[in-house]
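Side chains are part of it too, since the values below use all heavy atoms of this structure and drop only hydrogens, waters and symmetry mates.
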Amino acid sequence: MLAYGICIGKTDKFITVCQPTIPSGSPVLVRRGQESIYTAYNSIIEEALELDQLEALVLLHDDVALGQGFEDDVRRALSLGADIVGAVGARNPRSIAWWEGEKKGKAIEPTRVFDYGGGVHEVDTVDGLIMVLSRAAVTKLRFDDARFSGFHGYDIDLCSTARLIGMNVVVAPLDLVHHSKGSLGDVNAWRKADLEWRRKWRHISAIGYIAGRAALQAHIVSHATRRLRRRLALLASKGD
């Protein structure tokens with residue numbers, strides 16, 4: 001069973017865009033009137049842990065419309081050993097502006113498509129428009145609501161923690177459309193979150209995320225990550 005968690009904004013997009021596309025009968029855990037997506041998502045995670053037969057928790061923006069093939073796409077990615085699944089993301093980000101890294105994945109909006117090669121790819125972070133957390137990720141990971149507040153940087157910070165403990169973060173083809181305005185919102189809040197993320201992860205960003213990622217690969221890459229890479233390599237060879 002997949003559960004869905006949404007931190008609803010001030011608009012009615014959840015009712016008009018997102019809610020009608022969530023598969024009927026699925027648990028839908030919502031939070032309204034929140035001041036921090038960190039605390040909102042943590043409370044959703046705690047609630048999700050109480051659900052019987054939970055396969056994964058889908059955290060998504062209230063302006064994301066899911067297609068009929070979405071749950072099949074999710075289960076396919078989870079079967080590869082993924083712990084966090086997103087639609088788009090990047091390797092080697094140096095700030096919460098993940099799109100300045102090595103972009104991967106594909107995301108569709110009503111008037112444009114962000115196509116960074118599609119397919120399934122191991123990344124260091126996914127964009128928070130959708131974050132699918134495996135049962136293991138729901139059990140082990142929490143958003144850092146002690147250090148951060150507001151609505152920026154939560155995606156890359158959680159993914160950074162996941163990578164640090166050897167969990168698998170991937171982008172994969174997901175049947176959805178993101179009805180986004182494409183803005184950063186509160187720029188000052190975004191800059192504050194970016195500064196805080198850099199401070200927290202300075203042991204990586206000080207030498208560059210590429211070197212930090214290499215160190216993780218050399219020392220704490222888990223058996224699950226190696227298994228994921230073998231499966232991705234097999235998929236790539238079949239596509240040749």
Practice task
Hey, could you give me each pair passing ring-ring contact (aromatic ring centres under 6.0 Å, His included) that has a residue in residues 72-101? Not counting sequence neighbours.
Solution key: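 Listed by first then second residue: nothing to list.
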Practice task
Sorted by first residue and then second, give each ring-ring contact (aromatic ring centres under 6.0 Å, His included) pair with at least one member in residues 9-31; sequence neighbours left out.
Solution key: none
Residues in side-chain hydrogen bond (donor to acceptor under 3.5 Å, both in side chains) contact with [X], at least two apart in sequence or another chain:
X: Glu46; result: Arg142
X: Asp175; result: none
X: Asp155; result: none
X: Glu109; result: Arg112

If we only count heavy atoms from C-beta on, is the [X] to [Y] side-chain gap below 4.5 Å?
X: Val169; Y: Asp124; result: no
X: Leu49; Y: Arg135; result: yes
X: Ile44; Y: Tyr4; result: no

Closest approach of [X] and [Y], non-hydrogen atoms and distance?
X: Arg147; Y: Asp144; result: N-OD1, 3.2 Å
X: Gly153; Y: Ile96; result: CA-CG2, 4.0 Å
X: Arg31; Y: Ala40; result: CG-O, 4.0 Å
X: Asp194; Y: Ser95; result: OD1-CB, 3.1 Å
X: Gly5; Y: Leu57; result: N-CD1, 4.0 Å
X: Phe151; Y: Cys7; result: CE2-SG, 4.1 Å

What distance do [X] atom [atom1] and [Y] atom [atom2] have between them, rounded to the nearest 0.5 Å?
X: Leu60; Y: Phe70; atom1: CG; atom2: CZ; value: 7.0 Å
X: Lys140; Y: Ser134; atom1: NZ; atom2: OG; value: 8.5 Å
X: Arg91; Y: Arg163; atom1: CZ; atom2: CZ; value: 9.5 Å
X: Asn42; Y: Leu141; atom1: CG; atom2: CG; value: 10.0 Å
X: Leu78; Y: Asp73; atom1: CG; atom2: CG; value: 11.0 Å
X: Asp63; Y: Ile8; atom1: CG; atom2: CD1; value: 11.5 Å

Output all residues satisfying ring pair (Phe, Tyr, Trp, His ring centres under 6.0 Å) with [X], sequence neighbours left out; order by chain, then residue number.
X: His61; value: His178
X: Phe148; value: Tyr38
X: Phe143; value: Tyr41

State whether the side chain of [X] and the backbone N or O of [Y] hold a donor-acceptor pair below 3.5 Å, judged by distance alone.
X: Lys13; Y: His179; result: yes
X: Asp127; Y: Val88; result: no
X: Arg202; Y: Arg199; result: yes
X: Asn92; Y: Glu102; result: no

Completion exercise
For Glu55, the salt bridge (charged side-chain N to carboxylate O under 4.0 Å, His left out) test, sequence neighbours excluded, returns Arg75
Cluster link [X] to [Y], ILVMFWY, side chain under 4.5 Å:
X: Ile130; Y: Leu54; value: yes
X: Leu195; Y: Ile156; value: no
X: Leu2; Y: Ile45; value: yes
X: Trp190; Y: Trp201; value: yes

Problem - Other residues, nucleotides, ligands: >12 heavy atoms within 6.0 Å of Lys192 NZ - result: no
Which pairs of donor and acceptor atoms, one on a side chain in residues 17-30, lie under 3.5 Å apart (sequence neighbours left out)?
unit_1	atom_1	unit_2	atom_2	d
Thr21	OG1	Cys18	O	2.8
Thr21	OG1	Leu66	N	2.9
Ser26	OG	Pro23	O	3.0

Completion exercise
The side chain to side chain contact (heavy atoms under 4.5 Å, CB included) partner of Val171 among Val85, Ile84, Val123 is Val123
Side chains of residues 114-121: which donor-acceptor pairs under 3.5 Å do they make with residues two or more places apart or in other chains?
unit_1	atom_1	unit_2	atom_2	d
Asp115	OD1	Gly117	N	3.0
His121	NE2	Gly118	O	2.7

